[in-house]
Amino acid sequence: MTRRVSVALMAAGGVVLLSVALMLVPWPWWKVMASGWPVLVPVAVGVAVLVAGGLLWRRDGVKHEVSAAPTLPDRQVRPLRSWVIPVGVVLVGVVTWAAVAWLQGSVPAVGDQVERAKVRIESIRTGLTIGAAVTAAFALLLAFRRQQLAERTQQATEYDAGEKRVTELYVNAADQLGSDKAPVRLAGLYALERLAHDNPIHRQSIVEVICAYLRMPYTPPDDQRTPTPAAPPTDDPAPAATPTAASGDSDKPAVDPREERQVRLAAQRILARHLRPTTPEGKPHPMYWGPKVTLDLTEAVLIDLDLNGCHLHNTTFTKTHFNGDARFNEATFSGYVGFDEATFNGYVGFDEATFSGEARFTRATFSRDAGFGEATFNGDAWFGGATFSGVAGFTRATFSRVAGFGGVAFSGVAGFGGATFSGVARFGGATFSGIARFGGATFSREARFDRATFSGDAGFGGATFSREAGFDRVTFSGVAGFGGATFRGDAGFDRVTFSGVAGFGGVTFSREARFDRATFSSDAGFVEVTFSGDAWFGGVAFSGVAEFGGATFSGVAGFGGATFSGVARFGGATFNGDAWFGGATFSGVARFGGATFSGTVSFEGATLDGVRYDGPGPVAE
């Protein structure tokens with residue numbers, strides 16, 4: 001409908017412009033045109049051809065890819081209406097009559113009667129010539145339409161023949177994949193590859209066939225195998241190196257898993273070869289199949305997969321088993337990508353990869369090191385319940401939206417140094433058995449580490465928490481280093497257990513900081529910490545040295561009911577707000593030398609060195 005309206009508007013605009021142009025033509029020119037057919041006929045033919053071309057013109061809005069197969073006609077040519085021919089005949093008659101009448105009326109009243117009769121006869125001849133020219137133009141238009149119909153018929157015939165040929169090649173290649181001979185299966189894969197490269201319209205379906213082949217049950221050879229659920233257990237299992245059947249048909253010969261491994265590697269290389277948009281030199285790759293090719297490798301068994309630099313769109317690797325290394329470095333994932341419950345038995349690399357949509361790694365198993373260094377997650381990133389047995393490297397990674405690591409088990413080093421969390425960061429219930437590195441990380445929104453367990457050292461030095469930071473009920477068994485960190489929002493450390501040294505030196509708490517009922521089994525260092533909001537240490541147990549020297553408390557400093565079993569040092573501390581030590585117990589030395597109390601200070605009910613203290617004011621060193 002839109003195309004018809006556009007053509008009608010173009011025709012109307014052309015008629016208006018032509019009318020204006022005719023009105024501007026000087027009268028002497030009309031005399032020259034009316035002088036004879038040698039001038040008038042070419043002009044009439046030219047105008048007719050121009051109008052016909054303008055009416056038949058249309059913009060082809062479909063951009064076809066280069067293809068070896070004939071292309072389907074973009075639109076059907078509708079048959080002419082029954083009234084077109086009669087209307088054309090009437091139009092020719094009207095134009096002829098109008099031309100004769102106009103020419104007769106333009107005969108000058110000069111000369112004798114014979115000369116005027118000759119001029120009138122000449123004008124009639126000229127008008128008939130115009131009519132003949134219009135008739136020829138109309139006939140030319142009909143001939144053009146017949147030629148167009150013939151060409152489109154031929155195009156449709158070639159398309160049907162090409163589709164039949166493609167279908168035959170497709171079926172033959174697919175049949176080869178079911179052969180028990182590895183060379184035949186390889187030939188089938190490469191035939192499908194060639195077919196997909198020459199016929200863009202069939203690429204997705206051919207890719208799905210290759211993915212379906214990789215999803216077939218497969219047990220790798222014994223020397224390169226890790227157990228997968230591809231081979232169900234039996235009462236009398238055969239040895240691992242024994243060839244397995246190609247299908248459920250027991251009459252078929254067995255397939256050698258070593259040969260099958262080569263076939264699967266070839267299938268993986270075919271996919272990788274056509275999913276790389278650029279060459280190593282940065283130029284457009286001539287073998288690239290476009291950004292909309294999707295992969296469904298659910299429960300597939302992949303071997304030493306190499307998709308470095310590939311563009312993957314709406315890719316599914318759910319419950320996929322990656323035997324050997326899996327490389328996705330510098331890959332681009334557009335749309336959804338799912339690695340839920342996937343198993344990575346070797347090293348996996350996602351360094352500098354870009355995830356444009358949602359990325360899911362829930363309950364995935366990383367048996368060895370996993371590299372996500374400088375990866376970019378523009379959508380939600382879900383790793384809930386995943387297991388990292390080796391190093392989990394997220395150094396300088398960027399999480400633009402939700403970063404979900406709830407319940408993740410990090411058995412090795414967890415490296416998030418310099419990472420940027422623009423969305424909510426969820427590490428609640430995560431287990432860090434090795435070193436946890438968050439130094440220099442930036443948390444722009446909420447950071448939730450509630451009930452997480454840090455069995456090794458935890459480094460948050462220089463990290464920035466722009467909003468609420470939740471560490472409630474967290475267990476730090478090793479060193480907890482927060483030196484130089486910045487908490488711009490509320491910081492919650494309620495009921496936290498610090499079994500190792502807790503280092504908060506130079507930390508800045510811009511708002512409320514809560515350590516109620518926290519347990520410091522070793523030394524706790526809060527040297528030169530800045531508490532801009534209220535600081536609550538009610539019921540805290542300090543078993544080692546509690547160092548608050550040079551700390552600044554701008555709001556309320558609440559240590560009510562706290563227990564200081566070791567040395568408590570508040571020398572040089574500044575209390576600009578109220579300071580509450582009511583009911584606190586100082587079993588060791590309590591040093592407040594040089595401390596400044598600007599607000600109300602209360603030690604009511606406090607116990608120092610076994611002596612009950614009930615007086616107001618600061619305690620001398």
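Keep in mind that this is a model prediction, so the values were computed, not measured.
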- [ ] Check step by step if side chain to side chain contact (heavy atoms under 4.5 Å, CB included) holds for I270 and L192.
- [x] CA-CA 10 Å; I270 288 174; L192 287 175; over 6 Å; no
- [ ] Flag the pair V209 / L177 as yes when at least one side-chain heavy-atom distance between them is below 4.5 Å, and no otherwise.
- [x] yes
Task: V413 side chain reached by R437 side chain, heavy atoms, under 4.5 Å - done: yes
Open item on the list: Centroid separation under 6.0 Å, is that true for the rings of F372 and F383?
Closed with: yes
Task: Separation of L189 CG from I206 CD1 (nearest 0.5 Å) - done: 11.5 Å
Task: Polar side chain donor-acceptor pair, H313 to S334, under 3.5 angstrom - done: yes
Which pairs would a plain distance check flag for residues 297-307, meaning a side-chain donor or acceptor within less than 3.5 Å of a matching protein atom at least two apart in sequence or in another chain?
unit_1	atom_1	unit_2	atom_2	d
T298	OG1	D296	OD1	2.7
D304	OD1	D325	N	3.2
D304	OD2	R261	NH2	3.3
D306	OD1	N308	N	3.2
D306	OD1	N308	ND2	3.2

All N/O donor-acceptor pairs, side-chain side in residues 353-367, below 3.5 Å, sequence neighbours left out:
unit_1	atom_1	unit_2	atom_2	d
E358	OE2	R360	NH1	3.3
E358	OE2	W382	NE1	3.2
R360	NE	D340	OD2	3.4
T362	OG1	D340	OD1	2.5
R363	NH2	E341	OE2	3.3
S367	OG	F344	O	3.2

TODO: Inspect the surroundings of CZ in R269 and state if more than 12 heavy atoms from other residues, nucleotides or ligands are less than 6.0 Å away.
DONE: yes
Open item on the list: Please report the interatomic distance OG1(T453) to CZ(F476), rounded to the nearest 0.5 Å.
Closed with: 9.5 Å
TODO: For residues A191 and A173, report the shortest heavy-atom separation together with the two atoms involved.
DONE: CB-CB, 3.9 Å
Task: Verdict with reasoning, L271 to L214, per side chain to side chain contact (heavy atoms under 4.5 Å, CB included) - done: CA-CA 11 Å; L271 294 177; L214 292 173; 4.0 Å; yes
Task: Heavy atoms from other residues, nucleotides or ligands near CZ of R264 exceed 12 (cutoff 6.0 Å) - done: yes
Task: side-chain hydrogen bond (donor to acceptor under 3.5 Å, both in side chains) against D369, all qualifying residues, sequence neighbours excluded - done: none
Open item on the list: Tell me if the centroids of the rings in F394 and F410 come within less than 6.0 Å of each other.
Closed with: no
- [ ] Measure the spacing between CG of D198 and CZ of R203 and express it to the nearest 0.5 Å.
- [x] 8.5 Å
Task: Test: E259 and K181 ion pair at under 4.0 Å - done: no
Task: Full working for ring pair (Phe, Tyr, Trp, His ring centres under 6.0 Å) between F328 and F339 - done: CA-CA 13 Å; F328 296 88; F339 288 88; 5.6 Å; yes
Open item on the list: Is it the case that over 12 heavy atoms from other parts of the model lie below 6.0 angstrom from the CZ atom of R368?
Closed with: no
Task: For H274, all residues meeting ring pair (Phe, Tyr, Trp, His ring centres under 6.0 Å), sequence neighbours excluded - done: H197, W289
- [ ] Report yes if the distance between the aromatic ring centroids of F482 and F465 is under 6.0 Å, otherwise no.
- [x] no
Task: Qualifying residues under side-chain hydrogen bond (donor to acceptor under 3.5 Å, both in side chains), relative to E374, sequence neighbours excluded - done: R396
- [ ] Look at the side chain of R473 and the backbone N and O of D450, then say whether any donor-acceptor pair between them is shorter than 3.5 Å.
- [x] no
TODO: Apply side-chain hydrogen bond (donor to acceptor under 3.5 Å, both in side chains) to N329 and list each qualifying residue two or more places apart in sequence or on a separate chain.
DONE: none
Task: Closest non-hydrogen atom pair, A485 against F487 - done: CB-CE1, 4.0 Å
Open item on the list: Return the NE2 to NE2 distance between H285 and H311, rounded to the nearest 0.5 Å.
Closed with: 15.0 Å
Open item on the list: Rounded at 0.5 Å granularity, tell me how far OG in S444 sits from CZ in R488.
Closed with: 9.0 Å
- [ ] Give a yes/no verdict on a cation-pi contact between R445 and F421, requiring under 6.0 Å between NZ or CZ and the six-membered ring centre and an angle within 45° of the axis.
- [x] no
TODO: With rounding to the nearest 0.5 Å, note down the distance linking CG in D256 to CZ in R258.
DONE: 7.0 Å
Open item on the list: Treating R185 as the side-chain partner and S179 as the backbone partner, does any N or O pair qualify as donor plus acceptor under 3.5 Å?
Closed with: yes
- [ ] Test L295 against every option in V207, T316, V337 by the side chain to side chain contact (heavy atoms under 4.5 Å, CB included) rule and name the one that passes.
- [x] V207
Task: Ring geometry between F454 and F432 (parallel below 30°, tilted from 30 to 60°, perpendicular above 60°) - done: parallel
Open item on the list: Would you say the rings of F449 and F438 are close, in the sense that their centroids are separated by under 6.0 Å?
Closed with: yes
Task: Heavy-atom closest contact (A266 atom, L186 atom, distance) - done: CB-CD2, 3.5 Å
Task: Contact summary for A452 and F427, nearest pair of heavy atoms - done: CB-O, 3.8 Å
Task: Minimum heavy-atom distance S455-S477, with the two atoms named - done: O-CB, 3.5 Å
Task: Exam field: side chain Y218 to backbone P257, donor-acceptor pair closer than 3.5 Å - done: yes
Task: Short side-chain to backbone donor-acceptor contact, N314 and Y336, under 3.5 Å - done: yes
TODO: Go through V474 and F493 one step at a time and tell me if the side chain to side chain contact (heavy atoms under 4.5 Å, CB included) criterion holds.
DONE: CA-CA 8 Å; V474 173; F493 290 85; over 6 Å; no
- [ ] Using modelled atom types only, decide if a donor and an acceptor are shared between the side chain of D494 and the backbone of D472 within a distance under 3.5 Å.
- [x] no
Open item on the list: On a heavy-atom basis, which atom in S400 and which in S422 lie closest, and how many Å separate them?
Closed with: O-CB, 3.6 Å
